[in-house]
Colleague: 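So that we are looking at the same thing, I have put the structure below in structure tokens.
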Number of protein chains: 2
Amino acid sequence: MTRPGKSKRQELLSRYLEGNPFLTDDELAHILGVSIQTVRLDRWRLSIPELRERLKEVAQGIYGQVKSLEKDEWIGKLIDLELGRSGVSILEVSEEMTLKRTRVARGDYIFAQANCLAVALIDTKVALTGTARISFRRPVYCGEKVVARAFISRRKENKYVVRVASKVQDETIFQGKFLVFAIA
Amino acid sequence: MTRPGKSKRQELLSRYLEGNPFLTDDELAHILGVSIQTVRLDRWRLSIPELRERLKEVAQGIYGQVKSLEKDEWIGKLIDLELGRSGVSILEVSEEMTLKRTRVARGDYIFAQANCLAVALIDTKVALTGTARISFRRPVYCGEKVVARAFISRRKENKYVVRVASKVQDETIFQGKFLVFAIA
DNA sequence: AAATTCTTTAATACCAGGTACTAAAATAAA
DNA sequence: TTTATTTTAGTACCTGGTATTAAAGAATTT
């Protein structure tokens, strides 16, 4: 338990807390080999809040995001859902989804439908799309019905690979591979 | 402050907590118009943990996800970054990024490069891609250098629209519009 | 109406993980 | 050696609880 200088210790302390905000002062004191008072002083000097406040901040962080995602409207009608396996959703392209000039559906609606479906498959309270590899095959026009079919193709811990194919009648207009993360 | 029955109150209680896990027993007691003891009894009967445990759970939830994202390797070399505005990254396509048969780079590497860059632009600790609208213009071959340029094109609260264009020499091989969420 | 049972409230002792403050001891610098 | 800095100790107090015992109130049954 060699004791490096004050500034070094404080740097260590912030790094420890950055890596793991769940550490109590007591645990930090043990790790750093100093008294709990020193830890508290250091935290005060670095203006790092106490454990509970840190947790609250982290929790509020996710909560804000989750709420903002919840607000985002659900795109498409869910017509079949086998949680954890597959699902089907239908989107009828309405005027407000299209670009006025071309009467072509804005791509993000098509994407959003697929994304919503992909996320919905995951059997968890909150799921977020981490990355997605998608392609638009042809434009979709106002009035067309887009049928999206999705299934979970792989899973590794809390990561899911969901594949989605969207069709208008028999024509595939969109395909996507979504990497979705499950939270909680 | 009319008092509905016990089961009704308990249902209310769980719903309140589902909507806002940050409520203390005291606040719940006021909301429900009963004593704090009743709230605690109800929580116990519904096996809902105390505030601090709830926060910890939420915090651990996000933390798991953030860590899993952090683990995901950074794709591309960041060669220029103006935080909150724009950035440039270069990816040299190596053998392990390509499909053996075709020597074509796997699309997700191209996507990942753009996605990493998009997320890096955001001036916050943690940023997650919510949705993305992307297109691959032509295959990229082993040995080619992909230069991705990104800029923030819109912002609304914690949501950012980041546009990314990736080129090999003068040819655009990828374009993407990312909706990125800032956390905390 | 009286007895019984369920439900709610009260009261108290205790805990973790702190804050805020005062003071003394140890160490480093002059 | 003296002075200043740094570290440790100790105490009182806080929030948001747990755990337990007891009593008051309300609804049901007899």
Side-chain angles (χ1 to χ4, degrees), chain A residues 1-64 66-67 125-126 183-184, chain B residues 1-64 66-67 125-126 183-184:
Chain A
M1 219 61 63
T2 49
R3 285 192 209 178
K6 187 171 107 168
S7 52
K8 198 114 207 168
R9 189 190 55 230
Q10 295 187 350
E11 203 191 306
L12 273 174
L13 184 131
S14 12
R15 276 209 275 155
Y16 275 121
L17 284 179
E18 217 156 304
N20 177 9
F22 298 86
L23 291 169
T24 64
D25 287 355
D26 196 63
E27 290 170 317
L28 285 165
H30 278 89
I31 291 170
L32 299 168
V34 293
S35 75
I36 203 168
Q37 283 83 353
T38 304
V39 171
R40 305 230 229 250
L41 258 176
D42 282 351
R43 256 200 314 103
W44 182 79
R45 281 186 280 230
L46 298 165
S47 42
I48 295 172
E50 62 170 293
L51 169 69
R52 288 153 187 157
E53 288 308 311
R54 293 194 303 266
L55 293 191
K56 208 189 285 179
E57 278 173 21
V58 177
Q60 277 169 343
I62 193 180
Y63 226 71
V66 168
K67 274 205 290 194
K125 277 231 162 176
V126 184
I183 301 184
Chain B
M1 220 55 69
T2 48
R3 286 193 210 173
K6 186 171 107 170
S7 54
K8 198 115 207 169
R9 189 190 53 231
Q10 295 188 348
E11 202 192 306
L12 272 174
L13 184 131
S14 12
R15 275 208 275 154
Y16 275 120
L17 285 179
E18 215 155 301
N20 178 8
F22 298 86
L23 291 169
T24 65
D25 287 358
D26 195 64
E27 291 171 315
L28 285 165
H30 278 90
I31 292 170
L32 299 169
V34 293
S35 75
I36 203 167
Q37 283 85 351
T38 304
V39 170
R40 304 231 230 251
L41 258 176
D42 282 351
R43 255 200 316 104
W44 182 79
R45 281 186 279 230
L46 298 164
S47 44
I48 295 172
E50 63 171 289
L51 170 68
R52 288 154 186 155
E53 288 308 311
R54 293 193 305 265
L55 292 191
K56 208 188 285 177
E57 279 172 22
V58 177
Q60 277 168 342
I62 192 180
Y63 225 72
V66 168
K67 272 204 291 195
K125 279 233 160 174
V126 184
I183 301 185

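Worth knowing before you read on, the calculation uses all heavy atoms, side chains too, and leaves out hydrogens, waters and symmetry mates. Lettering follows sequence order; numbering is per chain, from 1.
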Colleague: Going through the distances and angles, do A:E50 and A:R40 end up as a side-chain contact (heavy atoms from CB on, under 4.5 Å)?
Modeller: CA-CA 9 Å; A:E50 62 170 293; A:R40 305 230 229 250; over 6 Å; no

Colleague: Please name all residues satisfying side-chain contact (heavy atoms from CB on, under 4.5 Å) with B:Q37, sequence neighbours left out, ordered by chain then number.
Modeller: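 B:Q37: side-chain contact (heavy atoms from CB on, under 4.5 Å) contacts with B:S35.
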
Colleague: Classify the nucleic acid contact of A:L41 as base, sugar-phosphate or nothing, counting any heavy atom under 4.0 Å across all strands shown.
Modeller: base

Colleague: Applying side-chain hydrogen bond (donor to acceptor under 3.5 Å, both in side chains), can you list everything that pairs with A:T24, at least two apart in sequence or on another chain?
Modeller: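 A:T24 satisfies side-chain hydrogen bond (donor to acceptor under 3.5 Å, both in side chains) with A:E27 only.
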
Colleague: Find the distance B:Q37:CD to D:dA22:P and express it as a whole number of Å.
Modeller: 16 Å

Colleague: Can you tell me the distance, in whole Å, between the CZ atom of B:R9 and the P atom of C:dT9?
Modeller: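 In whole Å, C:dT9 P lies 7 Å from B:R9 CZ.
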
Colleague: Applying side-chain contact (heavy atoms from CB on, under 4.5 Å), name anything that partners A:E11, two or more places apart in sequence or on another chain.
Modeller: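 Here the qualifying residues are A:R15.
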
Colleague: What is the distance, to the nearest angstrom, from the NZ atom on B:K8 to the P atom on C:dT7?
Modeller: 17 Å

Colleague: Only counting residues at least two apart or in another chain, list the ones meeting side-chain contact (heavy atoms from CB on, under 4.5 Å) with A:R45.
Modeller: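 Testing A:R45 for side-chain contact (heavy atoms from CB on, under 4.5 Å), a comparison that skips the adjacent residues, returns A:K6, A:R9, A:Q10, A:L41, A:D42.
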
Colleague: When the distance from CD1 of B:I36 to P of C:dT9 is rounded to whole Å, what number comes out?
Modeller: 12 Å

Colleague: Is there any protein nitrogen or oxygen under 3.5 Å from a nitrogen or oxygen in nucleotides 16-18 of chain D, and what are the pairs?
Modeller:
from, atom 1, to, atom 2, distance (Å)
D:dG16, O4', B:R52, NH2, 2.8
D:dG16, N2, B:R52, NH1, 3.2
D:dG16, N3, B:R52, NH1, 2.9
D:dG16, N3, B:R52, NH2, 2.9
D:dG17, OP1, B:L51, N, 2.8
D:dG17, OP2, B:D25, N, 3.1
D:dG17, O5', B:D25, OD2, 3.4
D:dG17, O5', B:R40, NH1, 3.4
D:dT18, OP1, B:R43, NH1, 3.4
D:dT18, OP2, B:R43, NH2, 3.1

Colleague: Does B:S35 put a side-chain nitrogen or oxygen below 4.0 Å from OP1 or OP2 of C:dT9?
Modeller: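 Yes.
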
Colleague: Take atom NE2 of B:H30 and atom P of C:dT9, then tell me their distance rounded to the nearest Å.
Modeller: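 Rounded to the whole Å, the gap is 13 Å.
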
Colleague: Who passes side-chain hydrogen bond (donor to acceptor under 3.5 Å, both in side chains) against B:R54, sequence neighbours left out?
Modeller: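 If we apply the side-chain hydrogen bond (donor to acceptor under 3.5 Å, both in side chains) test to B:R54, skipping adjacent residues, there are no hits.
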
Colleague: Mind calculating the distance between CG (B:L55) and P (C:dG17) to the nearest angstrom?
Modeller: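 In whole Å, C:dG17 P lies 14 Å from B:L55 CG.
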
Colleague: Between C:dT7 atom C1' and B:L32 atom CG, what is the distance in whole Å?
Modeller: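 Distance check: B:L32 CG to C:dT7 C1' gives 15 Å.
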
Colleague: Would you mind reading off the distance between A:E53 atom CD and C:dG18 atom P, rounded to a whole angstrom?
Modeller: 10 Å

